[in-house]
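Following: one structure in C-alpha cells, then a few remarks.
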Amino acid sequence: MSSPADSVWERIQLTCGDITAWHGDAIVNAANRSLLGGKGVDGAIHRAAGPRLTDECRAIGGCMTGDAKRTGAYELPVRWVIHTVGPVWRGGGRGEEALLSRCHRRSLELAAEVGAQTVAFPAISTGAYGYPVDEAARGALPTVADFLSRHPIPQHVTFMLFSTAALDVWRRVLEELKQESMP
Ligand code: ADP
C-alpha cells in the first residue's frame, strides 16, 4: 500500500454520534450474513429505515463475510445503505484483518458505482463481533485512505464513532498513520 498524500487524509473525517441521523449520500451498515437486521447499529438502521429495508434485504438473500450489498435507504436521510458483514474477532490470526479491509473496500466500490460523494461508516465489527477498537481503526483507516488515493468518488468518508472513548482511539490512530505516511 503506497503512502496516502495529505489531501487524502483530509477527505477522511472522524465524528461521534448516531449514524442513522447522519445526512449524506450513503451509510454503511455493520450487518450479519442474513442481512435481516440484528442488534447494535444494524438494528438501529433497520428501525430507522422502516420495514421496506428488511424486505429489500430479504430479497437479496444474504451476504458473505467481507462482502457488501447495496440497498435503498427508505426513511433514512441518505440515498443508499451499504450492508457489509465484518469478521468476528477470534484473536487476530484467522484472517480478520484482511476481511475487515475487504469490507471497507467493497463498501466503497459499491458507493462509487452509484456516485455517492459522501459515505459514513460505523466502527465495523467492534461491537458484538468483538474486534478491538484500536485494531479496527488500524485496519479501516489505511484501507479507506488507499481507496481514496486511487478514486475521486466518494469525495469524503466519515467514520461515525459511537462513543467519545472510541473517537479518541480513532483520532490517535489517524494521527499516527498521518505521521507514518509523511515523506
Ligand atoms: P458488529 O456486529 O459488526 O460488531 P455492532 O452493531 O455490534 O456490530 O457494533 C459496531 C459498532 O457500531 C460498535 O462500535 C457500536 O458501538 C456501534 N454502534 C451501535 N449503534 C450505533 C449507531 N446508532 N450509530 C453508530 N454506531 C453505532
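We count ligands from 1, going down the list as the structure has it; atoms in each ligand are counted the same way.
Of all heavy-atom pairs between Thr20 and Leu76, the closest is O-CD2, 3.6 Å. Closest heavy-atom contact between Phe159 and Leu141: CE1-CD2, 3.7 Å.
When Trp89, Tyr129, Phe121, Phe162 are checked for heavy-atom proximity to atom 15 (C) of ligand 1, Phe162 turns out nearest.
For ligand 1, the atoms sitting less than 4.0 Å from at least one non-hydrogen atom of Ala30 are 3 (O), 8 (O), numbered in the order shown with element in parentheses. Here is the list of ligand 1 atoms found below 4.0 Å of a heavy atom in Gly17: 24 (N), 25 (C). Counting atoms of ligand 1 from 1 in the listed order, those under 4.0 Å from a heavy atom of Asp18 are 22 (C), 23 (N), 24 (N).
Nearest protein heavy-atom contact of atom 11 (C) of ligand 1 is Ala123 O, 3.3 Å. From the protein, the heavy atom lying nearest to atom 3 (O) of ligand 1 is Ser125 N, 2.9 Å. Nearest protein heavy-atom neighbour of atom 6 (O) of ligand 1: Val41 N, 2.8 Å.
Screening Thr15, Leu161, Asp134 against Trp170 for a side-chain contact (heavy atoms from CB on, under 4.5 Å) leaves a single residue, Leu161.
Salt-bridge check for Glu56 with Arg52: failed, with every basic side-chain N at 4.0 Å or more from each acidic carboxylate O. A salt bridge links Arg106 and Asp67; the closest N-O separation between the charged side-chain nitrogens and carboxylate oxygens is under 4.0 Å.
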